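For clarity, every value in this text was computed on a predicted model and none was experimentally measured. Only heavy atoms go into these numbers, but all of them, side chains included; no hydrogens, no water, no symmetry mates.
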Amino acid sequence: QLQASGGGLVQAGESLRLSCAASGRIFSIDATGWYRQAPGKERELVASIVSGGKIDYADSVQGRFTISRDNAKNTWYLQMGSLKPEDTAVYYCRGKVTSITGSVYYTTEYWGQGTLVTVSS
């Protein structure tokens with residue numbers, strides 16, 4: 001249901017843009033976010049947008065990363081700038097998606113498969 005892409009190997013100071021596309025019989029996407037998990041560490045929230053447009057960032061990425069959504073494409077993005085080696089992690093997207101089958105609506109939280117971002121010094 002969620003397909004993340006855009007990871008890669010970059011040098012410190014460079015930028016990357018991650019994308020997460022939702023597919024299926026989507027009625028609405030109520031909350032979207034990006035998480036990351038570095039080796040030996042727990043998964044942490046990087047950025048999120050919830051219904052109403054409230055945006056939150058982790059302190060460690062505030063001012064460097066920007067989360068955005070394209071509702072028409074059911075896609076959200078994470079623009080990452082001024083990347084640091086400590087940003088190296090597998091990045092996961094997460095979405096709270098309301099789908100419709102016939103006349104039945106159901107809401108499920110999905111995780112994307114993860115995309116690796118490696119920042120070299």
Indicate yes or no: at least one non-hydrogen side-chain atom of Arg94 is less than 4.5 angstrom from one of Glu109.
->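 A side-chain contact under 4.5 Å exists here.
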Is there a side-chain contact between Tyr57 and Val46, using heavy atoms and a 4.5 Å cut-off?
->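 No, side chains not in contact.
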Is it possible for you to say whether Ile55 and Val61 belong to one hydrophobic cluster, with membership spreading through side-chain heavy-atom contacts below 4.5 Å?
->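 Ile55 clusters together with Val61.
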Which atom pairs, one a donor and one an acceptor, fall under 3.5 Å between side chains of residues 7-23 and the rest of the protein, sequence neighbours left out?
unit_1	atom_1	unit_2	atom_2	d
Glu14	OE1	Gln11	N	3.0

Listed once per pair and sorted, the ring pair (Phe, Tyr, Trp, His ring centres under 6.0 Å) pairs that draw on residues 93-121, sequence neighbours left out =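 Found Phe27-Tyr105, Tyr35-Trp111.
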Taking atom OG of Ser99 and atom CD1 of Ile26, what is their separation to the nearest 0.5 Å?
->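 Separation between the atoms: 6.0 Å.
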Gap between atom CH2 of Trp34 and atom CD1 of Ile67 - 0.5 Å precision =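 So the CD1 of Ile67 and the CH2 of Trp34 are separated by 8.0 Å.
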Name all pairs fulfilling the side-chain hydrogen bond (donor to acceptor under 3.5 Å, both in side chains) condition that reach into residues 66-80, sequence neighbours left out, sorted by first residue then second.
->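 Output for this query lists Arg69-Asn71.
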I would like to know whether Glu44 and Gln37 meet side chain to side chain contact (heavy atoms under 4.5 Å, CB included); could you show each step before the answer?
-> CA-CA 6 Å; Glu44 62 174 355; Gln37 188 166 18; over 6 Å; no
Could you go through residues 80-92 and list every donor-acceptor pair under 3.5 Å that involves a side-chain atom there, pairing it with any protein atom two or more places apart or in another chain?
unit_1	atom_1	unit_2	atom_2	d
Asp87	OD1	Arg36	NH1	2.9
Asp87	OD1	Arg64	NH2	3.0
Asp87	OD2	Arg64	NH1	2.8
Asp87	OD2	Arg64	NH2	3.4
Asp87	OD2	Lys84	N	2.8
Thr88	OG1	Pro85	O	2.9
Thr88	OG1	Val119	N	2.9
Thr88	OG1	Val119	O	3.4
Tyr91	OH	Arg36	NH1	2.9
Tyr91	OH	Asp87	O	2.6

What residues form a side chain to side chain donor-acceptor pair (under 3.5 Å) with Lys54, not counting sequence neighbours?
->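 By the side chain to side chain donor-acceptor pair (under 3.5 Å) rule, Lys54 matches Asp56.
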Contacts of Asp30 that satisfy side-chain contact (heavy atoms from CB on, under 4.5 Å) - sequence neighbours left out =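 Listed in chain order: Ser28, Ser51, Lys96, Thr98, Thr107.
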